[in-house]
Amino acid sequence: EYEQIIAACPNSTWRTVVALGRIGGLRIPSELTHLKWSDIDWDQKRMIVTSPKTKRCNKTHRTIPLWNPLEKQLLEHFEARSTSNQFVIAEPQLRRPQANLRTTFHRICEKAGIAEIKNPFRNMRRSAANDVCRADYPMKTVTEWFGHDVVTAIMHYHQVSNADFDKASTDNPFHLVTKKATTKATTARPRMGQNRRARNAKTLGTINNSKGFKALVTPTGFEPVLPA
């Protein structure tokens with residue numbers, strides 16, 4: 001669906017908005033407000049995101065990876081810009097903290113043949129967090145990149161999907177548990193109360209001596225086996 005929506009966007013600005021939400025996991029529109037070209041480190045493939053929501057927690061910004069699809073779209077948008085505006089999203093009406101971007105986004109989805117998505121930008125952010133989490137990045141890393149705590153991530157972002165059930169139908173996470181183990185036989189230990197010789201002796205075999213009676217071979221030597 002991401003590729004369909006990108007193809008239906010009217011210009012590079014909207015393609016960038018969608019990429020920032022679905023790949024970058026930005027809170028839209030609030031985190032578009034202060035995003036500047038100077039926040040992007042093309043060499044290190046990183047981007048600084050100013051976050052008004054987490055400011056109250058003394059976290060005014062966070063650094064996220066410049067994922068390949070996001071980098072590609074940002075480069076296209078950078079080359080297509082008509083002015084030297086310092087903001088990634090140059091249009092002031094799209095950068096307002098309370099901007100209503102849903103109406104235009106719904107029209108884009110309609111053009112792409114995709115059913116209307118409720119809370120589209122929150123769902124795009126949620127999908128981005130799920131994708132990164134399923135890529136086996138540590139939970140601490142995922143929460144730092146997306147700017148939320150572990151409890152919030154588990155409750156609202158990281159969710160079970162049909163892909164999880166599809167994987168479970170062919171995967172075996174218990175292969176170490178069910179793998180046949182090779183156990184080494186051990187001699188049963190006598191119970192307490194038996195005589196000391198029975199507790200300590202390890203039978204090695206029996207032999208017949210020259211007088212015809214059997215002798216028990218133990219670690220302490222030969223001991224006669226008397227008739228019962």
Review point. What orientation do F78 and W37 show, parallel under 30°, tilted 30 to 60°, or perpendicular over 60°?
Key: perpendicular
Looking at [atom1] of [X] and [atom2] of [Y], how far apart are the two atoms once the value is rounded to the nearest 0.5 Å?
| X | Y | atom1 | atom2 | result |
| --- | --- | --- | --- | --- |
| R125 | F146 | CZ | CZ | 7.0 Å |
| S12 | L74 | OG | CG | 10.5 Å |
| Y2 | M124 | OH | CE | 9.5 Å |
| E91 | L32 | CD | CG | 11.0 Å |
| L66 | Q73 | CG | CD | 11.5 Å |
| D39 | R46 | CG | CZ | 14.5 Å |

Beyond-backbone contact of [X] with [Y], side-chain heavy atoms, under 4.5 angstrom:
| X | Y | value |
| --- | --- | --- |
| R15 | T13 | no |
| C9 | V18 | yes |
| V88 | H77 | yes |

**Study point:** Exceeds 12 heavy-atom contacts within 6.0 angstrom, atom CZ of R102
**Key:** no
Is it true that a side-chain atom of [X] and a backbone atom of [Y] form a donor plus acceptor pair closer than 3.5 Å?
| X | Y | result |
| --- | --- | --- |
| T104 | L101 | no |
| T141 | Y137 | no |
| R95 | I89 | yes |
| D131 | A128 | no |

Check your understanding: Is it the case that R96 and T33 place a side-chain donor and acceptor less than 3.5 Å from each other?
Key -> no
Point to revise | The single option from H34, K59, R27 passing side-chain hydrogen bond (donor to acceptor under 3.5 Å, both in side chains) against S51 | key: R27
Within one Ile-Leu-Val-Met-Phe-Trp-Tyr cluster: [X] and [Y], side-chain cutoff 4.5 Å:
| X | Y | value |
| --- | --- | --- |
| I6 | L70 | yes |
| F87 | L20 | no |
| I48 | I28 | no |

Check your understanding: Are K72 and E76 within salt-bridge range, i.e. N to O under 4.0 Å?
Key -> no
**Study point:** Working for side-chain hydrogen bond (donor to acceptor under 3.5 Å, both in side chains), residues T50 and E31
**Key:** CA-CA 6 Å; T50 300; E31 292 180 347; over 6 Å; no
Please output the side-chain donor-acceptor pairs of residues 105-121 that fall under 3.5 Å, not counting sequence neighbours, one pair per line with the distance.
none

Check your understanding: Taking all non-hydrogen atoms of both residues, which atom of W67 and which atom of V132 are closest, and how far apart?
Key -> CZ2-CG2, 3.8 Å
Point to revise | Step-by-step side-chain contact (heavy atoms from CB on, under 4.5 Å) determination, M47 to L35 | key: CA-CA 9 Å; M47 185 171 72; L35 187 62; 4.1 Å; yes
Exercise for review: Before giving the answer on side-chain contact (heavy atoms from CB on, under 4.5 Å), spell out for S127 and R22 the whole-Å C-alpha distance, their side-chain angles and the decisive distance to 0.1 Å.
Suggested key: CA-CA 7 Å; S127 296; R22 180 59 182 85; 3.6 Å; yes
Check your understanding: How would you list, by chain and number, every residue that makes a side chain to side chain donor-acceptor pair (under 3.5 Å) with N68, sequence neighbours excluded?
Key -> K45
